[in-house]
Structure formats: C-alpha cells, structure tokens
Amino acid sequence: MAPERRPRAFAPSPLTRAFFDRSALQVAGDLLGCRLRRVLPDGTVRMVRLVEVEAYVRGDPANHAFRGMTPRNRSMFLGPGHLYVYRIHQVHCANLTTRRGEAVLLRAGEPLTPGLKNPSGPGRLARELELTRADDGRPLARPFLSVLPREGPSPVSLRGPRIGISRGTERPLRFLVEGSPWVSAPRSGRKAPRRRSTPGPSFRSRRPRG
DNA sequence: CTTCAGATTATCT
DNA sequence: GATAATCTGAAGT
C-alpha cells in the first residue's frame, strides 16, 4: 500500500493570486496582522501573526530582482503568491511574491501555536516555520502555506526604514505592528526587543481602517 | 576563474 | 557596541 500523500498545489488559488497581484508596498500593509499558517510535511500546524514585514519594490536597489532575473531570484518571477526563500550567512529568509519582480520579506511573527520559540527576525521566523531554500518557488497554497485574515480590528501600524540593507534605505518600506514585543530589533539578537520609547520622526503612524 | 558583498544572528567585550 | 561565522550568488578580469 502506497503511503498516503497530501495533495500538492501547483499554483495559488485565484483569490490568493488576486491578493498578491499588486505592488509589494500595498500587499505589505495588508499583510501586517494577518496570520500565516504553515503545515509541515508530517501535518504539524505552525501559525504566527505577522507583526513585521518589508516591501521590496520595482526600481529598488535593495531588491534582489533589481537587475532582472537570475538563478537565485527566479522565484520572484513565477507570479504573485509564491514563496521566495534566499540564504544569507547560513540563514534562510522567506518572502511572498507579489507583482512580477516584487516581494514582501517576512521579518517577524507572534507565535500562535505551541512549539514556536522566537519567530522574531527573518532568519528565526523562517527557521521556526521550517522554510528553506528547498521550498523556494512553491506556491502559497494549502496545506503547505496559507495567509489567513486578521482576527479582530486592524492593528495600529508603523512605517519606517528597512533593516540590514545599505541601499534604498531612505524609503519607508518596513511595516510593523506598533507595540508588539515580537517586532525584531534593528541590531540585536535579543529575545525581547527593546521597545523604542517613541517612534522616531522617520516613522509614520497609520490608524486602523476602523 | 577570482573576488566580494550580503534583506542575519550569536557571542563577546 | 563590535565582530566572526560561513558560503552562495553575482559581478569582475
């Protein structure tokens, strides 16, 4: 008897495609506060609430796709709603693709299921969700990986400069949930990121839609 | 083929 | 606050 296998999607659903087929900037803002559900090959469910993301857009020198398609970034050209995972310094970082050549980097999440340790920081988040380069290019679809709507009201979000890049730092393409203790700290591996006393002047607050 | 910088993090002072 | 770890992808010669 062949072992039971879960169905494997070859493309995102139409709804998923529609959600992601926009600019990374817009998707990033809408993604904040949504839940990300990962189902491991053995069926284990791991879910986080996204509290920090970054948009990588067209004409953006920090975007891996800035100079067109390469073997490394080919997943960013598969169409909206795919996973783009790259590796840096022996660490994996996961993105969700939006429009062609654009993507949203998943930087931090609030753990919603037992077993998740510290999904704060892109490397830790990808690790906790067990997303590696082997998952690069996979469509965002069940059961593998799904984005679920926000629960309750929209969070108060902040926008500010992105982290860890040397070019394109002037644009406020980093989105975070104000007050979340799971937001990553710019230059520290702390478990409990120090809360900035007050958002800097470069940060812009955005009220919940209501 | 060689060089080099990098969307990070753990660990040390 | 500063730096090593560790190695791939991409650009340069």
Looking at [X], does any N or O in its side chain come under 4.0 Å of the phosphate oxygens OP1/OP2 on [N]?
X	N	answer
S166(A)	dA5(B)	no
R107(A)	dT8(B)	yes
R124(A)	dA10(B)	yes

### Message
If you apply the rule ring-ring contact (aromatic ring centres under 6.0 Å, His included), what do you find for H64(A) with Y86(A), and how did you get there?
### Response
CA-CA 10 Å; H64(A) 285 175; Y86(A) 68 91; 4.7 Å; yes
Is a donor on one side and an acceptor on the other found under 3.5 Å between the side chain of [X] and the backbone of [Y]?
X	Y	result
D135(A)	L83(A)	no
R46(A)	E128(A)	yes
S184(A)	G121(A)	no

### Task
Applying side-chain contact (heavy atoms from CB on, under 4.5 Å), name anything that partners T169(A), two or more places apart in sequence or on another chain.
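Checked T169(A) against side-chain contact (heavy atoms from CB on, under 4.5 Å); matches are I165(A).
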Atom [atom1] of [X] and atom [atom2] of [N]: how far apart are they, to the nearest Å?
X	N	atom1	atom2	value
N118(A)	dA10(B)	CG	C1'	12 Å
R167(A)	dG6(B)	CZ	C1'	10 Å
F66(A)	dG6(B)	CZ	C1'	16 Å
H64(A)	dT8(B)	NE2	C1'	12 Å
H92(A)	dT9(B)	NE2	P	13 Å
K117(A)	dA10(B)	NZ	P	12 Å
R127(A)	dT9(B)	CZ	P	12 Å
R67(A)	dA7(B)	CZ	C1'	16 Å

### Any V177(A) side-chain heavy atom under 4.5 Å of R49(A) side chain
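Yes, side chains in contact.
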### Query
With side chains defined as the heavy atoms from C-beta onward, is the minimum distance between L145(A) and R138(A) less than 4.5 Å?
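No, their side chains stay 4.5 Å or more apart.
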### Query
Should D60(A) and R167(A) be marked as a salt bridge (Lys or Arg N to Asp or Glu O under 4.0 Å) after you check the CA-CA gap, both sets of side-chain angles, and the distance that decides it?
CA-CA 8 Å; D60(A) 173 7; R167(A) 292 168 303 181; over 6 Å; no
### Partner set under salt bridge (Lys or Arg N to Asp or Glu O under 4.0 Å) for E54(A), not counting sequence neighbours
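Salt bridge (Lys or Arg N to Asp or Glu O under 4.0 Å) check on E54(A) returns R107(A).
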### Query
DNA chain C: stems of at least 3 consecutive Watson-Crick or G-U pairs, cut-off 3.5 Å?
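Ordered by first number, the stems with DNA chain C (at least 3 consecutive pairs each) read B:1-6 with C:7-12, B:8-12 with C:1-5.
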### Query
Is it true that R38(A) and E130(A) have a side-chain N and a carboxylate O under 4.0 angstrom from each other?
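Judged by the 4.0 Å cut-off on N to carboxylate O distance, R38(A) and E130(A) do not form a salt bridge.
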### Task
In whole angstrom, give me the gap between the P atoms of dT3(C) and dA5(B).
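Looking at atom P only, dT3(C) and dA5(B) are 16 Å apart.
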### Query
Does M47(A) sit in a hydrophobic cluster with other residues, and if so which ones, taking ILVMFWY side chains as linked at heavy-atom separations under 4.5 Å, directly or through other members?
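Joined to M47(A), directly or through intermediates: L112(A), L148(A).
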### Charged tip of R162(A) within 45° of Y56(A) ring normal and under 6.0 Å
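Here R162(A) passes the 6.0 Å and 45° test against Y56(A).
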### Message
Let's see if you get this right: which residues in residues 71-90 of chain A place a heavy atom under 4.0 Å from DNA chain C?
### Response
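P71(A), R72(A), R87(A), H89(A), Q90(A), in order of number.
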### Query
Looking at DNA chain B, which of residues 128-139 of chain A put a heavy atom within less than 4.0 Å of it?
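Correct list: empty, so none.
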